[in-house]
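Residue numbers begin at 1 in each chain, while the letters A, B, ... track the order of the sequences.
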Amino acid sequence: MSICQDLGLNFQQRMGANISQLERDIGSEQFPPNEHYFGLVNFGNTCYSNSVLQALYFCRPFREKVLEYKAKNKRTKETLLTCLADLFYSIATQKKKVGSIAPKKFIARLRKEKEEFDNYMQQDAHEFLNFLINHINEIILAERNQSTLKLQKNTSGENVTCNGTVPQSAEPTWVHEIFQGTLTSETRCLNCETVSSKDEHFFDLQVDVGQNTSITHCLKCFSDTETLCNDNKFKCDNCSSYQEAQKRMRVKKLPLILALHLKRFKYMEQYNRHIKVSHRVVFPLELRLFNTSDDAVNPDRLYDLVAVVVHCGSGPNRGHYISIVKSHGFWLLFDDDMVDKIDASAIEDFYGLTSDIQKSSETGYILFYQSRDASC
Amino acid sequence: MAVQPDSGGKDDVKTQFVTREGTYRLMTLSEYSRPNRVGYTSGSGSSHVRVSLVSLPPGPGGGPPGSDGQGSDDRICFNHGKELYVYVYRGVKKAADLTKPVDKKMYKGTNPTCHDFNTVTMTADSVSLVIGFSTGQIQLIDPIKKELSKLYNEERLIDKTRVTCIKWVPGSSNLFITAHASGQLYVYNEELTCGTTAPHYQLFKQGDGYSIHTCRTKSTRNPLYRWVIGAEGSCINEFAFSPCGTNLAVASQDGFLRVFHYDTMELIGRARSYFGGFLCVCWSPDGKYVVVGGEDDLVTVWCFSERKVVARGQGHRSWVSVVAFDPYVVSFTDPESDEGVEDDRQKSESVQCYRLGSVSQDTQLCLWDLTEDVLRPPVRARASAHLSPNSQTFSPNGVPGMKVPAKGTKSNKIGHKHAELSGQNNPSGESSGAKQPAKTKVNNVSTLNISVGKAKEESSGSLGVNSLTQRLAGFSFGDRRSEHRRNFSLSKPAEQKSSASNTVALRGKSAGATTNDSFDPLKLIGTASCPRFDECPVLEPLVCKKVAHERLTALLFRSEYFVTACADGCVNTWARPARSLNGESRPLRRFEKIDLVD
């Protein structure tokens with residue numbers, strides 16, 4: 001965590017012991033009513049959780065649904081979702097405008113729920129996000145099943161795979177409504193020219209990063225045509241055999257909140273470990289997708305950047321996570337229990353590096369884009 | 001641990017590339033940077049290296065003072081980090097001499113961000129240079145005489161934010177305009193002071209999404225005017241005067257291009273990016289088109305006369321930092337390449353073509369051909385206007401005295417024409433276009449031939465984007481989306497008709513609206529200001545080459561060369577294709593790069 005010491009020091013110098021520096025920066029008149037900016041205390045390498053939770057808290061549709069859940073479910077047994085709802089509720093009902101809070105119950109529950117997180121090691125923020133979203137969704141589905149008593153007990157467990165794919169048939173939960181999009185993968189057999197397409201759902205898109213590119217370009221590459229050949233041939237139903245084929249994946253249903261995971265940790269065989277790819281990838285505050293399918297429902301959906309989980313450091317199991325979020329028109333930086341107002345122009349510090357000389361970098365890792373039609 | 005992960009690694013940086021007019025070559029000896037390269041830091045922070053070039057009028061006794069007797073009248077200015085350099089620019093013929101800068105400045109606590117030479121008041125041994133700074137101040141110096149040094153907004157009472165663009169008002173000896181990150185433009189008179197107190201403004205004029213103020217004082221002071229443009233605090237990234245100096249195009253971070261009539265201060269047109277901010281803007285040499293580049297990785301072509309977005313260019317992998325028309329490659333006729341189809345030759349000759357260049361944070365240079373038949377779909381049956389090849393010398397960036405060699409005709413062999421454009425052309429394009437008889441018929445057969453020929457050319461040195469799009473184009477899923485056009489439009493009459501009629505119908509709507517709603521991008525999508533992606537022709541670049549290791553920040557076209565600059569502070573010169581076919585003018589490139597550090 002040495003990497004972020006500069007950053008931390010910087011904050012401490014600026015903030016001193018006075019926690020209301022943030023309030024001063026924002027200004028009492030400008031401070032949005034009913035909004036609270038609370039840092040989350042780190043329990044030893046829990047910044048992966050803190051950064052994702054802050055980002056999710058400032059995804060307004062998600063926050064509202066979680067708080068709604070809290071209001072509706074007064075006396076249920078403790079789950080990760082109730083812990084999350086309690087945490088969000090506790091932030092939202094603070095008397096003070098700013099401060100910090102210890103997500104003790106949530107972390108304790110998390111460690112019980114998933115073995116991988118039951119330690120004091122640094123975890124991958126994206127793995128955590130993926131787990132959290134899927135797990136919450138499972139809880140909602142399970143509760144729904146319980147209450148309706150229509151479906152068998154174990155459906156949800158089987159249906160939700162770790163890839164974030166979920167069954168089409170089930171009625172969507174609010175997690176689906178917020179995060180779920182649909183990819184359509186079109187495959188053209190090079191032998192018989194038949195085009196077959198298959199839909200799959202996603203909670204986030206995982207994109208490869210290239211040096212000096214934009215997230216727009218990375219997304220376009222995500223939808224590049226890929227030729228299936230050699231060991232990876234396509235089983236064509238029409239030809240009833242394995243054939244060479246061309247395949248591409250495009251977005252058919254654009255989610256309300258588009259979560260983009262930049263694949264910055266690459267396994268390098270020659271080093272036998274994961275290496276951080278610090279490539280400079282710019283991400284605009286506003287986004288539309290170029291890689292939508294022809295039958296996409298709302299292909300020019302306009303997104304606004306609302307939160308970024310930033311990885312600081314040199315490797316996947318080292319370093320630190322922070323997040324920057326947009327709230328009421330200004331940007332805030334959450335670094336565990338510290339919160340600071342930043343200028344929008346400072347976001348460019350998190351695009352990445354154009355050279356590989358420096359070991360460590362502070363780079364955007366998960367981007368949350370929210371559809372503009374959702375916010376109004 | 002200098003790990004170079006496999007993907008996205010260093011593609012080779014190109015030192016030459018081929019277009020149909022020939023080979024462009026990097027002149028390695030004509031690289032300008034700071035004299036001592038030790039301690040060069042690359043890529044940290046937002047180093048927006050910009051370049052200003054000026055051609056001084058020749059002095060009475062030959063070489064002007066300060067030119068070390070080498071007889072070049074050109075001066076180059078560029079900024080990098082805290083530093084600013086002015087050198088004698090010796091073009092492609094002679095190597096850069098970095099040991100004797102005409103002037104160099106090092107600033108403390110602030111960085112120069114942009115600059116502009118005054119071409120009205122310059123003499124053989126004097127030129128005014130205005131410089132904008134990251135902290136909002138403005139300096140006026142004479143880098144040759146070194147007598148002059150004035151400061152404006154010194155106490156930052158007028159604006160505290162970064163100067164993003166600074167330019168002399170065309171034809172003016174004393175007025176210049178600065179744009180700031182705060183979203184405001186200021187008009188300064190270099191002869192006036194800025195006062196010792198913050199200015200009190202009074203509203204002078206107001207329009208849809210902008211307002212103009214003057215200072216409320218007894219004596220005239222700076223700024224003469226303050227233009228507040230767009231959403232509050234949304235940075236103005238660049239502005240550009242039309243070649244005739246009448247209109248002002250402003251590209252903003254709020255995603256809007258706004259075109260004003262400068263004197264009447266009326267908003268006369270606008271466009272919206274597909275998404276994200278517009279970062280750069282330029283006018284076509286005849287003032288008929290405005291091109292903007294931005295955070296949507298696109299170049300967007302906006303037609304002045306129709307007040308609508310007529311095409312988008314897709315080819316960059318990241319944000320587009322500079323767009324510039326190449327006024328020396330304008331009209332394209334290709335009588336020799338399509339000998340098989342003689343009937344079509346005459347028709348294709350009248351296709352008007354503009355050459356556009358763009359550079360991006362993706363370290364790539366793209367060249368685009370904008371042809372009239374793409375910009376004006378044939379359905380509209382509009383005659384393409386011819387640019388008069390003589391009359392007044394067109395001066396890009398308002399640099400008079402630019403000598404366009406009359407050797408142009410020779411180079412026609414390879415299909416491009418050096419032409420001098422009239423700066424007097426009607427910017428609206430309406431009347432000049434209307435005067436022409438409707439003799440233009442766009443021909444698809446010949447243009448098809450050209451595309452094929454070019455595709456071959458490209459495939460030899462194919463680079464990611466082209467081959468990629470080619471692959472996609474060959475991958476037919478029966479796309480409903482509009483076809484990518486490499487260059488000339490292939491006839492898709494049905495689609496074009498629908499989009500044309502569509503946009504015409506919508507134009508009235510967007511132009512008539514005066515509420516704040518009219519700037520809501522959700523409402524603008526599908527209008528003439530921001531067509532849906534499949535409603536608007538999508539162009540592909542003619543060439544798309546990685547030409548630097550760092551993100552590119554400047555692009556200027558001159559008659560014999562063009563200039564690029566990138567964030568690490570290197571300013572490079574690219575020679576245009578050799579005019580003689582025997583390659584006599586090429587020996588320069590055989591030299592290896594010489595280390596000029598003492």
Side-chain angles (χ1 to χ4, degrees), chain A residues 186 188 193 195 197 208-218 220-221 223-225 227 246 248 250 266 268 270-271 275-290 292-295 299-303 314 344-345 348-349 351 353-359 372-373 376, chain B residues 1-11 42-46 162 181 233 235 253 255 273-277 294-298 314 316-319 360-364 464-465 468 471-472 474-481 520-522 525-526 530 532-534 546 549-551 567-568:
Chain A
E186 298 156 301
R188 187 172 61 121
E193 301 278 315
V195 177
S197 66
D208 287 306
V209 293
Q211 180 58 286
N212 288 317
T213 59
S214 64
I215 190 69
T216 313
H217 179 75
C218 298
K220 270 168 66 191
C221 292
S223 288
D224 270 356
T225 303
T227 304
Q246 286 183 315
R248 69 172 164 183
R250 294 190 298 172
K266 207 157 219 142
M268 301 290 277
Q270 67 261 46
Y271 303 106
I275 297 292
K276 182 172 181 185
V277 183
S278 293
H279 288 336
R280 188 171 192 272
V281 178
V282 297
F283 42 89
L285 298 185
E286 217 176 64
L287 187 72
R288 279 188 164 114
L289 298 183
F290 287 118
T292 52
S293 67
D294 297 334
D295 55 349
D300 18 66
R301 194 161 216 188
L302 185 64
Y303 288 98
S314 58
S345 62
E348 71 178 270
D349 298 345
Y351 291 154
L353 306 175
T354 55
S355 71
D356 304 300
I357 299 160
Q358 286 155 280
K359 281 182 186 172
R372 190 167 296 181
D373 44 54
C376 56
Chain B
M1 193 177 63
V3 181
Q4 186 58 61
D6 48 352
S7 78
K10 287 197 172 68
D11 320 16
S42 88
S44 62
S46 56
R162 180 168 48 97
C235 179
Q253 190 61 36
S273 70
Y274 194 52
F275 57 84
E295 295 177 349
D296 50 13
D297 302 359
L298 302 170
Q314 194 170 33
H316 280 297
R317 302 176 184 182
S318 186
W319 298 351
S360 155
Q361 300 207 359
D362 66 5
T363 71
Q364 296 191 110
V465 171
L468 195 148
R471 240 168 63 205
L472 262 180
F475 186 56
S476 60
F477 281 115
D479 272 1
R480 246 187 12 192
R481 296 217 151 186
D520 181 353
L522 293 184
I525 185 81
C530 184
R532 286 175 211 284
F533 202 67
D534 56 359
K546 180 179 167 68
H549 290 292
E550 265 290 342
R551 48 195 192 273
D568 63 5

Where do Thr354(A) and Arg551(B) land on the side-chain contact (heavy atoms from CB on, under 4.5 Å) test, with the steps shown first?
-> CA-CA 8 Å; Thr354(A) 55; Arg551(B) 48 195 192 273; 3.5 Å; yes
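- Counting heavy-atom pairs closer than 4.5 Å to chain B, the top residue among Ile215(A), Asp349(A), Val281(A), Val282(A) is Val282(A).
- Nearest heavy atoms, Asp300(A) versus Tyr274(B): CB-OH, 3.8 Å.
- Contacts between Asp297(B) and chain A at a heavy-atom distance below 4.5 Å involve the side chain alone, from C-beta outward.
- Annotation: side chain of Ser345(A) is not in contact with side chain of Arg162(B) (no heavy-atom distance under 4.5 Å).
- Among all heavy-atom pairs drawn from Arg317(B) and His217(A), the shortest one is O-CB, 3.2 Å.
- Closest non-hydrogen pair, Ser318(B) versus Asn212(A), comes out as CB-O, 3.7 Å.
- Nearest heavy-atom pair, Asp373(A) versus Leu522(B), reported as atom, atom and distance to 0.1 Å: N-CD1, 4.3 Å.
- Considering every non-hydrogen atom in both Phe283(A) and Trp319(B), the closest pair reads C-CZ2, 3.6 Å.
- Summarising the geometry, atom CD belonging to Gln361(B) is positioned 8.5 Å from atom CD belonging to Glu348(A); distances are rounded to the nearest 0.5 Å.
- Considering all non-hydrogen atoms of both residues, Glu286(A) and Phe275(B) come closest at O-CD1, 3.1 Å.
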Stepwise side-chain contact (heavy atoms from CB on, under 4.5 Å) check, Gln314(B) with Phe290(A) | CA-CA 11 Å; Gln314(B) 194 170 33; Phe290(A) 287 118; 3.7 Å; yes
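- Atom CZ of Arg280(A) is separated from atom OG1 of Thr363(B) by 11.5 Å, given to the nearest 0.5 angstrom.
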